[in-house]
Amino acid sequence: MSDKPAAIRGTNDFMGEEAARFDHVVDTFARVRRLYGFRSVHIPVFEHTGIFARTLGETTDVVSKEMYTFEDRSGDSLTLRPEFTAGIARAYISNGWQQHGRMKLAAHGPCFRYERPQKGRFRQFHQLDAEILAAPDPQADVELIAFGQHLIEELGVAGNVTLELNTLGDPASRAAWQAALLEHFQAHRDELGEDSLRRLDTNPLRILDSKNDGDRKIVATAPVIDDYLTAEAEDFFAEVTSGLTSAGVGFRRQARLVRGFDYYRHTAFEFVTDALGAQGTVLGGGRYDGLIEAMGGPHVPAVGWAAGIERLSMLLDAPPSESVDVAFIPLDDASRARGQMLVAALRRGGSVAVETFATGNMKKRMQRADSSGARLALILGADELAEDMLQVKDLASGEQVRIPQAETGFIGGYLSELRLMRLTGMDGDGPDFPAWRTRTLGGQAQ
RNA sequence: GCGACCGUAGCUCAGCUGGUUAGAGCGCUGGUUUGUGGUACCAGAGGUCGCGGGUUCAAACCCCGUCGGUCGCCCCA
């Protein structure tokens, strides 16, 4: 027990319901993303360290102490991606994607950050990511955010999540505002908490969302971005907000909202929840017009967001668990061998999910068949084998009938009719198999 | 990186102020007359009480360290 291998801290093994929730988030993302014309993109999980170090901002916690960085055998410094955007920007430049004009890209997969794990926060976590590249217009922001909103609605968690929106202005606005903030906070230096004093040097914008009560008082009187926006920045934000309104996306203006990474400009937004303890953000992003240029590429304005798969999973109701349609129960080896043909025919010919239960006594096999969620049990023993027959038991009603093996195809028909009934909203379990068979065969059942 | 709480069978937990062979439920395996589940009953397997050290006649229980978990700070998805 003590020498059991342990998972690396902050990593998770998901199974059963947890895995089903995770998959449901990814599946829903894949479905909704197509509705907005986002194309799938796959990029490496690691990059040269500089890709992340230079773009995210040297002073951010992610870069200064949370990256998984190592040297490979040739001595190059590599880093496991802490997020997607920088890697996608790099791929854009590496491959000359400007030839494609405007690009809408979606990706998902693991990211890594060396952090102290807690609820909704892990060292290996998984993100959904959406980016619109070569898109200078505010309509891109609107479409991107609408996609995020739609995803959250499709996942059925919209009731727990609200959209907070802000603008950080263009570089000129941001610089002016930041200078004013710095001056304001310097003036109240002795009233600030320890953490915020440190932020004064590293990232003064961060003081705005401090949770410290003393800081909040000073924040309340701090200058707001609105007073420093250039005319262009103000127009841009107005178009985003009015676009969201006409797209039917509700939001709350959050003037103190700032985003972690240095590359953000103009639009910044977060879908937040209070259901995840200290981790409020479930999906967040913004505009990063200067990023690709700063990495040595062409001037490519862009917007994007990332969402935490685990965080979304935790808000989800449990999706229905996967179950098989049919349980095959052979009573001996000869029956099992004969049954392979029937099982193969059901799977390949009828798209029927079949699981074989061939261990334990009959009672155990039935118990396992029952807990598998199968609707029908196919029972095959020496008696049936001798006459090319098959027992079919409806596990919902308990009714059982003996049919010729040649009629196995009916099972597929029966199951698809049940599925159809469920899809058209009919209640109940539907007819049991024996009754259905009698009806469809016009009473010539034996 | 900082703080608080926690760590007993595969899982969820009980174990009184330290005292003799550490328990339950679920799960697992087998059985309760011939090949039938979703309800019962019987039996069995499974734990060096996270790990290391200390206090004590005696420690799952007390102390220290360490690892891990949970929650918060920070930061962020």
Side-chain angles (χ1 to χ4, degrees), chain A residues 1-4 6-12 15-16 25 56-57 59-66 81-85 108-130 148 193-196 198-199 202-203 206-207 209-212 258-261 270-273 276-285 304-315 327 329-332 335 357 359-374 376-385 391-400:
Chain A
M1 171 158 186
S2 53
D3 53 0
K4 269 198 247 184
I8 291 173
R9 178 162 211 198
T11 65
N12 293 109
M15 199 283 265
V25 171
L56 300 183
T59 61
T60 60
D61 279 12
V62 168
V63 170
S64 59
K65 52 194 190 204
E66 294 176 359
R81 68 180 172 212
E83 55 113 42
F84 273 90
T85 304
H108 70 90
C111 296
F112 304 85
R113 254 119 95 159
Y114 189 87
E115 294 189 276
R116 187 83 178 264
Q118 56 182 273
K119 188 175 192 176
R121 190 156 110 190
F122 313 100
R123 289 186 175 177
Q124 175 175 335
F125 59 104
H126 299 77
Q127 284 191 342
L128 308 173
D129 187 86
E194 191 184 327
D195 285 325
S196 290
R198 184 175 45 76
R199 293 186 187 109
T202 58
N203 195 346
R206 275 278 150 218
I207 299 175
D209 56 8
S210 170
K211 288 169 189 168
N212 179 299
V258 289
R259 301 241 73 226
F261 302 135
E270 287 181 356
F271 288 81
V272 297
T273 179
L276 290 178
Q279 279 60 241
T281 306
V282 110
L283 184 155
W305 55 245
I309 296 179
E310 287 89 347
R311 290 185 184 178
L312 288 169
S313 296
M314 287 189 278
L315 296 179
I329 304 177
L331 293 169
D332 51 47
S335 307
F357 299 92
T359 57
N361 58 23
M362 184 58 174
K363 185 188 176 85
K364 280 292 172 203
R365 296 180 193 205
M366 287 301 290
Q367 278 177 350
R368 278 193 277 264
D370 183 53
S371 63
S372 76
L376 300 177
L378 308 187
I379 301 157
L380 196 60
D383 296 351
E384 289 77 22
L385 218 49
Q391 299 279 358
V392 182
K393 179 163 190 168
D394 189 311
L395 291 171
S397 69
E399 294 298 313
Q400 183 167 327

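Chain identifiers are assigned alphabetically (A, B, ...) following the order of the sequence lines, protein sequences preceding nucleic acid strands; residue numbering begins at 1 within each chain.
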*Closest nucleotide of RNA chain B for A:R113 versus for A:I8: which of these residues is on the 5' side?*
A:I8
_Both distances below 3.5 Å, Watson-Crick or wobble geometry, any strand: find the nucleotide opposite B:U70._
B:A4
_Between B:C51 and B:C11, how far apart are the two P atoms, rounded to whole Å?_
14 Å
*asked:* Say we look at B:G15 and B:C6: how far apart would their P atoms be, to the nearest angstrom?
replied: 13 Å
*Whole angstrom value for the distance that separates C1' of B:G37 from CD1 of A:I379*: 9 Å
*Once you apply the 3.5 Å cut-off to both distances, tell me the Watson-Crick or G-U wobble partner of B:A45, or none.*
none
*Write down the distance between CG (A:L276) and P (B:C73), rounded to a whole number of angstrom.*
13 Å
_A:R123 and A:E66, any side-chain heavy atoms less than 4.5 Å apart_ = no
*Under 4.0 angstrom, heavy atoms only, what part of the nucleic acid is A:L395 near: base, sugar-phosphate, or nothing?*
base
*asked:* Looking at A:R311 and A:K119, would you say the former's side chain and the latter's main chain have a donor-acceptor pair under 3.5 Å?
replied: no
_In whole Å, measure the gap between the C1' atoms of B:G18 and B:U55 for me._
12 Å
_Length of the CZ-C1' vector between A:F122 and B:U70, whole Å_ = 11 Å
*Just how far, in rounded Å, is P of B:G35 from NZ of A:K393?*
15 Å
*Sort out the partner of B:A9 for me: Watson-Crick or G-U wobble, both distances under 3.5 Å, none otherwise.*
none
*Can you find a pair of side-chain heavy atoms, one from A:Q367 and one from A:D370, that are under 4.5 Å apart?*
no
*asked:* Does A:E115 reach a base, just sugar-phosphate, or nothing at all? Heavy atoms under 4.0 Å.
replied: base
*Drop me the distance from A:K364's NZ to A:F357's CZ, to the nearest 0.5 angstrom.*
13.5 Å
_Between CG on residue A:L276 and OG1 on residue A:T281, distance to nearest 0.5 Å_ = 10.0 Å
*Side chain A:R121 and base B:C74 donor-acceptor under 3.5 Å*: yes
*For A:E384, answer base if it contacts any base atom (sugar-phosphate contacts may also be present), sugar-phosphate if it contacts only those atoms, and nothing otherwise; contact means non-hydrogen atoms under 4.0 Å.*
base
_Nearest-neighbour nucleotide for the A:R9 side chain, B:G68, B:C2, B:G37 considered_ = B:G68
*Determine the interatomic distance between C1' on B:G50 and the same-named atom on B:U8; round to the nearest Å.*
10 Å
*OP1 or OP2 of B:U29 sitting under 4.0 Å from any side-chain N/O of A:R368?*
yes
*Are any of A:R365's side-chain N or O atoms less than 4.0 Å away from OP1 or OP2 of B:G37?*
no
*Nucleotide opposite B:A40 in a Watson-Crick or G-U pair, distances under 3.5 Å*: B:U32
*Taking atom C1' in both B:G38 and B:G23, what distance in whole Å separates the two?*
30 Å
*Could you check if a side-chain atom of A:D394 sits within less than 4.5 angstrom of a side-chain atom of A:L376, using non-hydrogen atoms only?*
yes
*Within less than 4.0 Å of OP1 or OP2 of B:G35, is there a side-chain N or O belonging to A:N361?*
no
*What distance do A:L378 atom CG and A:S335 atom OG have between them, rounded to the nearest 0.5 Å?*
12.5 Å
*Between B:U34 (P) and A:D332 (CG): distance, integer Å*: 16 Å
_Work out how far the P atom of B:A22 is from that of B:A45, and round it to whole angstrom._
14 Å
*A:R365 side, atom CZ; A:I379 side, atom CD1 - distance, nearest 0.5 Å*: 11.0 Å
*asked:* Using whole Å, what does the distance between atom C1' of nucleotide B:U36 and atom CE of A:M362 come to?
replied: 4 Å
*With the side chain counted from C-beta on, respond yes when A:W305 and A:L128 share a heavy-atom pair under 4.5 Å apart, and no when they do not.*
yes
_By the 4.0 Å heavy-atom rule, please label A:G120 as base, sugar-phosphate, or nothing._
base
*asked:* Regarding A:A369, tell me which of base, sugar-phosphate or nothing describes its non-hydrogen contacts under 4.0 Å with the strands shown.
replied: nothing
*Checking all strands, does A:Q400 fall into the base, sugar-phosphate, or nothing category for heavy-atom contacts under 4.0 angstrom?*
base
_Mind checking if A:G148 touches a base, just sugar-phosphate, or nothing, with heavy atoms under 4.0 Å?_
nothing
*Return yes if a side-chain donor-acceptor contact under 3.5 Å exists between A:Q391 and A:E384, otherwise no.*
yes
*Any donor-acceptor pair under 3.5 Å joining the side chain of A:K119 to the base of B:G72?*
no
Pick out the pairs of N or O atoms, protein on one side and nucleotides 11-13 of chain B on the other, that lie under 3.5 Å.
none

*Identify, between A:F125 and A:N12, the residue whose nearest nucleotide on RNA chain B lies closer to the 5' end.*
A:N12
*Mark yes or no: A:R121 above the aromatic ring of A:F125, with NZ or CZ under 6.0 Å from the six-membered ring centre and no more than 45 degrees from the axis.*
no
_Closest nucleotide among B:G1, B:U36, B:G35 to the A:M366 side chain_ = B:U36
*Take the protein atom CZ of A:R123 and the nucleotide atom C1' of B:C75, then report the distance between them rounded to whole Å.*
14 Å
_Side-chain N or O of A:Q118 versus OP1/OP2 of B:C71: is the shortest distance under 4.0 Å?_
no
*asked:* Under 3.5 Å, is there a donor on one side chain and an acceptor on the other for A:T11 and A:Q124?
replied: no
What's touching nucleotides 40-44 of chain B from the protein side, N or O pairs under 3.5 Å?
| from | atom 1 | to | atom 2 | distance (Å) |
| --- | --- | --- | --- | --- |
| B:A40 | N6 | A:K363 | NZ | 3.3 |

*What integer number of Å spans the C1' atoms of B:A14 and B:G7?*
15 Å
*Student check: side-chain heavy atoms of A:L331 and A:M362 closer than 4.5 Å*: yes
*Expressed in whole Å, how much space separates the P atoms belonging to B:C74 and B:C63?*
31 Å
*Mind calculating the distance between NZ (A:K364) and P (B:C28) to the nearest angstrom?*
6 Å
_At 4.0 Å (heavy atoms only), tell me whether A:A327 reaches a base, stays on the sugar-phosphate, or touches nothing._
nothing
